[in-house]
Amino acid sequence: MNVKKVLDAKGLACPMPIVKTKKEMETIDSGEILEIHATDKGAKSDLTAWAKSGGHELLQDSEEDGVLKFWVQKG
């Protein structure tokens, strides 16, 4: 996967991972991919809903050693 940027949102509580993701998405072009790392368990449902409502695509998500990783393609 060709990731344009990686956002470290580890240790941040809701709604900060979404706030930071929204800000980072403004810095990349349509079609590019942002990788997000978060530790807030609510981030999975939050980011899924946010991506859908914003016209973006959640390509993949995974969890590794307590860190949730998301790959979102800008719409």
J.: Who passes side chain to side chain donor-acceptor pair (under 3.5 Å) against K44, sequence neighbours left out?
T.: D61
J.: Nearest 0.5 Å please: distance from the CG atom of L7 over to the CD atom of E35.
T.: 10.0 Å
J.: Is there a continuous path of hydrophobic side-chain contacts, each under 4.5 Å between heavy atoms, that joins F70 to L12?
T.: no
J.: Within a strict 4.5 Å, meaning less than it, do heavy atoms of the M25 and K74 side chains meet?
T.: yes
J.: Using a 4.5 Å cut-off on heavy atoms from C-beta on, say whether the side chain of P17 contacts that of D46.
T.: no
J.: So does A9 get a backbone contact from the side chain of H37, meaning a donor-acceptor N/O pair under 3.5 Å?
T.: no
J.: Determine whether T21 and V72 make a side-chain contact, defined as any pair of heavy atoms from C-beta on separated by less than 4.5 Å.
T.: no
J.: Can you tell me how far apart NZ (K4) and OG1 (T27) are? Round to the nearest 0.5 Å.
T.: 9.0 Å
J.: Under 4.5 Å between any side-chain heavy atoms of L58 and L47, yes or no?
T.: no
J.: Can you give me the closest heavy-atom contact between D40 and A13, atom names plus distance?
T.: OD2-C, 3.7 Å
J.: A quick test of your reading: do over 12 heavy atoms of other residues, nucleotides or ligands sit less than 6.0 Å from NZ of K52?
T.: no
J.: Between the side chain of Q73 and the main-chain N/O of E32, is any donor-acceptor distance below 3.5 Å?
T.: no
J.: Answer with yes or no whether the hydrophobic clustering places L59 together with V6; edges join I, L, V, M, F, W, Y residues whose side-chain heavy atoms lie under 4.5 Å apart.
T.: yes
J.: When rounded to the nearest 0.5 angstrom, what is the spacing between OG1 in T39 and CG in D65?
T.: 12.5 Å
J.: What's the separation between atom CH2 in W71 and atom CG in L34, rounded to the nearest 0.5 Å?
T.: 11.5 Å
J.: In this structure, are over 12 heavy atoms from other groups packed under 6.0 Å from K5 atom NZ?
T.: yes
J.: Taking K41 first and then E63, would you say they form a salt bridge - that is, a charged N and a carboxylate O separated by under 4.0 Å?
T.: yes
J.: Indicate the atoms forming the closest heavy-atom contact of W50 with H56, along with that distance.
T.: CH2-CD2, 3.5 Å
J.: Looking at CE of M1 and CD1 of I33, how far apart are the two atoms once the value is rounded to the nearest 0.5 Å?
T.: 5.5 Å
